[in-house]
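Down below is the structure, laid out as structure tokens.
Sequence positions, counted from 1, serve as the residue numbers for this chain.
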Amino acid sequence: TKVFADIRESIDEAHRDGTILDAVLADLPRFVVRDPELAPTLHKFRSAGKRLFLLTNSRWSYTDRMMTYLLGNSISEYPTWRHFFDVIVVAAEKPGFFQLRKPLMERDGDELRPATLQFEKGKVYQGGNLRDLERLLGVTGDRILYVGDHIYGDILRSKKESAWRTAMIIQEMEAEVLAHDACAQDYARLDELAELRDRLEDELRFHQARIKELTRAIQAAQSGKENGVSVSQLQNERVRLKRGLDRIRATLRDVERESGPLQQRISKRFHPYWGSLLKEGSEQSSFGDQVEEYACLYTSRVSNFLLYSPLQYFRSSRDLMPHEL
């Protein structure tokens with residue numbers, strides 16, 4: 001617990017005093033991947049009549065430098081990065097932005113004044129709250145798709161406090177997909193072993209129950225309570241079942257000996273230390289559970305939407321409960 005607290009305090013302090021931000025701004029190409037498809041993606045949405053907004057916790061000076069690096073001089077129709085967006089909100093203080101009713105301020109150079117909530121494209125706002133942003137945009141609820149990369153500050157809180165649709169950006173997704181595809185044969189073998197284990201465990205329980213029945217029958221025959229029952233036949237049957245039980249247990253041990261290294265090999269294909277980001281063994285990780293629960297969509301980068309029509313309606317596959325598998 002103390003290690004976590006110390007690391008968290010160090011990270012928070014580095015953000016508060018600008019240590020991290022200054023280091024990033026001093027060498028943007030080293031820390032930030034500039035996606036050449038980002039500007040065309042935003043342009044495609046705007047051309048289809050979509051209204052775009054930027055909602056960030058970063059201060060204006062950092063936001064301006066970062067967005068200029070990402071979008072500046074990318075498309076001639078957009079003189080500056082600000083022209084890509086209808087509404088820009090900085091220093092939003094998420095997740096409080098979704099929960100509290102802090103006032104929305106309008107930036108005029110370095111000056112701040114209370115916002116009038118009368119929409120005017122190109123304005124830069126600071127702080128504020130979810131309801132004021134909806135009024136500025138003129139839309140509410142599931143007509144808004146909010147794209148974020150922080151599971152709690154962006155996705156979980158916005159989903160709990162509003163009816164917004166959410167898209168989670170997970171940078172590791174491309175590596176996860178590649179690793180998953182590389183493990184196809186190992187996954188198939190694990191499924192075979194799981195089916196074999198289930199069948200063997202059923203046989204194990206049957207043999208154990210039958211041996212108990214035979215033991216009771218032998219005891220009854222030996223005490224004279226059962227007439228016409230051959231004790232030797234019952235004993236021979238019990239010996240046969242015990243041998244079968246030993247074979248089943250030996251096969252189960254073989255299954256476990258193969259399954260363990262197989263699972264480790266799969267895990268190391270994702271990451272040598274903690275495996276898949278979204279899975280823990282055959283189950284979802286805590287992070288994977290949150291992504292599935294709160295993100296309507298998830299992908300590795302915003303520019304993946306360039307491959308789809310701006311009018312695309314994404315439908316999830318049918319959820320299956322355990323009894324339907």
Check: Shortest non-hydrogen contact from M168 to I151?
Finding: CE-N, 3.7 Å
Note to self: Please determine whether residues L307 and M173 belong to a single hydrophobic cluster, defined as Ile, Leu, Val, Met, Phe, Trp and Tyr linked transitively by side-chain heavy-atom distances below 4.5 Å.
What the structure shows: no
What pairs of donor and acceptor atoms, side-chain ones from residues 78-85 against any protein atom, are under 3.5 angstrom apart with sequence neighbours left out?
unit_1	atom_1	unit_2	atom_2	d
Y78	OH	H43	ND1	2.8
T80	OG1	R82	N	3.3
T80	OG1	H83	ND1	2.9
W81	NE1	D64	OD1	2.8
R82	NH2	G122	O	2.7
H83	ND1	T80	N	3.3

Next item on the list: Flag the pair T166 / L297 as yes when at least one side-chain heavy-atom distance between them is below 4.5 Å, and no otherwise.
Entry: no
Margin query: Are more than 12 heavy atoms, taken from residues, nucleotides or ligands other than E172, located less than 6.0 Å from that residue's CD atom?
Written below: yes
Note to self: Testing the 3.5 Å rule here: is there a donor-acceptor pair between the side chains of E134 and T140?
What the structure shows: no
Notebook entry, point to check: What closest approach, in Å, do R65 and L25 show between heavy atoms, and which atom pair accounts for it?
Noted result: NH2-O, 3.1 Å
Next item on the list: Salt-bridge test for R199 and D202: reply yes if a basic N is under 4.0 Å from a carboxylate O, no otherwise.
Entry: no
Next item on the list: Kindly work out whether a path of hydrophobic side-chain contacts (I/L/V/M/F/W/Y, heavy atoms less than 4.5 Å apart) joins I75 to M67.
Entry: yes
Next item on the list: Please assess F270 against H180 for the test ring-ring contact (aromatic ring centres under 6.0 Å, His included), listing each intermediate value before the final yes or no.
Entry: CA-CA 8 Å; F270 287 87; H180 183 273; 7.1 Å; no
Notebook entry, point to check: Applying the 4.5 Å side-chain criterion to the ILVMFWY set and letting contacts propagate, would I20 and Y69 be lumped into a single cluster?
Noted result: yes
Margin query: My understanding is that only residues two or more places apart in sequence, or in another chain, count here; which of them pass side chain to side chain donor-acceptor pair (under 3.5 Å) with E256?
Written below: R197
Margin query: Return the CG to CZ distance between L214 and R240, rounded to the nearest 0.5 Å.
Written below: 9.0 Å
Note to self: Could you check whether any side-chain N or O of R107 sits under 3.5 Å from a backbone N or O of G109, counting only pairs where one atom can act as donor and the other as acceptor?
What the structure shows: yes
Margin query: Check this for me: does any side-chain nitrogen of one of R269 and D186 sit under 4.0 Å from a carboxylate oxygen of the other?
Written below: yes
Next item on the list: Could you tell me whether the side chain of T215 and the main chain of I211 form a donor-acceptor pair under 3.5 Å?
Entry: yes
Notebook entry, point to check: With no hydrogens and no angle check, is any side-chain donor or acceptor of D132 less than 3.5 Å from a backbone partner on G128?
Noted result: no
Checklist line | Heavy-atom side-chain contact between Q235 and Q222 under 4.5 Å | finding: yes
Next item on the list: Would you mind checking if K279 and E176 are paired as a salt bridge, meaning a charged N to carboxylate O distance below 4.0 Å?
Entry: no
Notebook entry, point to check: Would a 4.5 Å heavy-atom cut-off, applied to side chains only, mark Y298 and I155 as touching?
Noted result: no
Margin query: Run E237 and L234 through side chain to side chain contact (heavy atoms under 4.5 Å, CB included) and show every step you take.
Written below: CA-CA 5 Å; E237 175 67 7; L234 294 174; 5.7 Å; no
Notebook entry, point to check: Are any side-chain N or O atoms of T41 and backbone N or O atoms of F305, one a donor and one an acceptor, separated by less than 3.5 Å?
Noted result: no
Notebook entry, point to check: To the nearest 0.5 Å, what is the distance between OH (Y152) and NE2 (H150)?
Noted result: 9.5 Å
Note to self: Before you tell me yes or no, could you show the steps for L42 and L71 under side chain to side chain contact (heavy atoms under 4.5 Å, CB included), namely the whole-Å CA-CA distance, both residues' side-chain angles and the distance that decides it to 0.1 Å?
What the structure shows: CA-CA 10 Å; L42 300 181; L71 293 172; 3.9 Å; yes
Next item on the list: May I have the step-by-step check of side chain to side chain contact (heavy atoms under 4.5 Å, CB included) for Q284 and Q290, ending in yes or no?
Entry: CA-CA 9 Å; Q284 290 177 352; Q290 291 179 323; over 6 Å; no
Checklist line | Spacing of R51 atom CZ and K121 atom NZ [to the nearest 0.5 Å] | finding: 10.0 Å
Margin query: Check this for me: does any side-chain nitrogen of one of D246 and K242 sit under 4.0 Å from a carboxylate oxygen of the other?
Written below: no
Checklist line | Stepwise side chain to side chain contact (heavy atoms under 4.5 Å, CB included) check, I144 with R165 | finding: CA-CA 6 Å; I144 297 175; R165 294 295 188 180; over 6 Å; no
Note to self: Ignoring hydrogens, what is the shortest heavy-atom contact between M66 and L28? Give both atom names and the distance.
What the structure shows: CE-CD2, 3.7 Å
Next item on the list: For S223 and A220, indicate whether the former's side chain and the latter's backbone hold a donor-acceptor pair under 3.5 Å.
Entry: yes
Note to self: With a 6.0 Å cut-off on the ring centroids, do Y125 and W60 count as close?
What the structure shows: no
Check: Any donor-acceptor pair under 3.5 Å linking the side chain of S267 with the backbone of Q264?
Finding: no
Next item on the list: Determine whether L100 and F98 fall in the same hydrophobic cluster, where Ile, Leu, Val, Met, Phe, Trp and Tyr are linked whenever their side-chain heavy atoms lie under 4.5 Å apart.
Entry: no
Margin query: Would you say L54 ends up clustered with L133 if hydrophobic residues are merged whenever their side chains have heavy atoms under 4.5 Å apart, either directly or through other cluster members?
Written below: no
Check: What pairs of residues pass the side-chain hydrogen bond (donor to acceptor under 3.5 Å, both in side chains) test when at least one of them lies in residues 306-318, not counting sequence neighbours?
Finding: R318-E324
Checklist line | Any side-chain heavy-atom pair of I170 and T299 under 4.5 Å | finding: no
Margin query: I need the L130 CG to S158 OG distance, nearest 0.5 Å.
Written below: 8.5 Å
Next item on the list: For residues I88 and V90, determine if any side-chain heavy atom of one lies less than 4.5 Å from a side-chain heavy atom of the other.
Entry: yes
Note to self: Using a 6.0 Å cut-off, check whether atom CZ of F206 has over 12 heavy atoms from anything other than its own residue.
What the structure shows: no
Note to self: Using a 3.5 Å distance criterion without hydrogens, assess whether the side chain of N57 forms a donor-acceptor pair with backbone atoms of E93.
What the structure shows: yes
Notebook entry, point to check: Is a side-chain donor or acceptor of K102 paired with a backbone partner of G127 at a separation under 3.5 angstrom?
Noted result: no
Next item on the list: Answer yes or no: is there a side-chain heavy-atom contact under 4.5 Å between Q185 and R189?
Entry: no
Next item on the list: Could you tell me whether D27 atom CG has more than 12 heavy atoms of other residues or ligands within 6.0 Å of it?
Entry: yes
Item checked: Test item: R249 and L245 side chains (from C-beta on) under 4.5 Å apart, heavy atoms -> yes
Note to self: Let me confirm one number: the CD-CZ distance from Q126 to R113, rounded to the nearest 0.5 Å.
What the structure shows: 13.0 Å
Note to self: Are there over 12 heavy-atom neighbours, none belonging to R243, within less than 6.0 Å of that residue's CZ?
What the structure shows: no
Margin query: Show every ring-ring contact (aromatic ring centres under 6.0 Å, His included) that has at least one partner inside residues 274-297, sequence neighbours left out.
Written below: H271-W274
Next item on the list: Sorted by first residue and then second, give each side-chain hydrogen bond (donor to acceptor under 3.5 Å, both in side chains) pair with at least one member in residues 28-38; sequence neighbours left out.
Entry: D35-S303
Notebook entry, point to check: Are side-chain heavy atoms of T56 and Y62 found at a separation under 4.5 Å?
Noted result: no
Next item on the list: Please identify each residue that fulfils side chain to side chain donor-acceptor pair (under 3.5 Å) with K94, with sequence neighbours left out.
Entry: Y146, D154
Checklist line | Lys/Arg N to Asp/Glu carboxylate O, R216 vs E213, below 4.0 Å | finding: no
Next item on the list: Starting at CG of L262, measure out to CG of L193 and round the result to the nearest 0.5 Å.
Entry: 6.5 Å
Check: Considering the options L55, V124, L136, which one meets the side chain to side chain contact (heavy atoms under 4.5 Å, CB included) requirement together with V89?
Finding: L55
Margin query: Tell me if the CG atom of D254 is crowded by more than 12 foreign heavy atoms within 6.0 Å.
Written below: yes
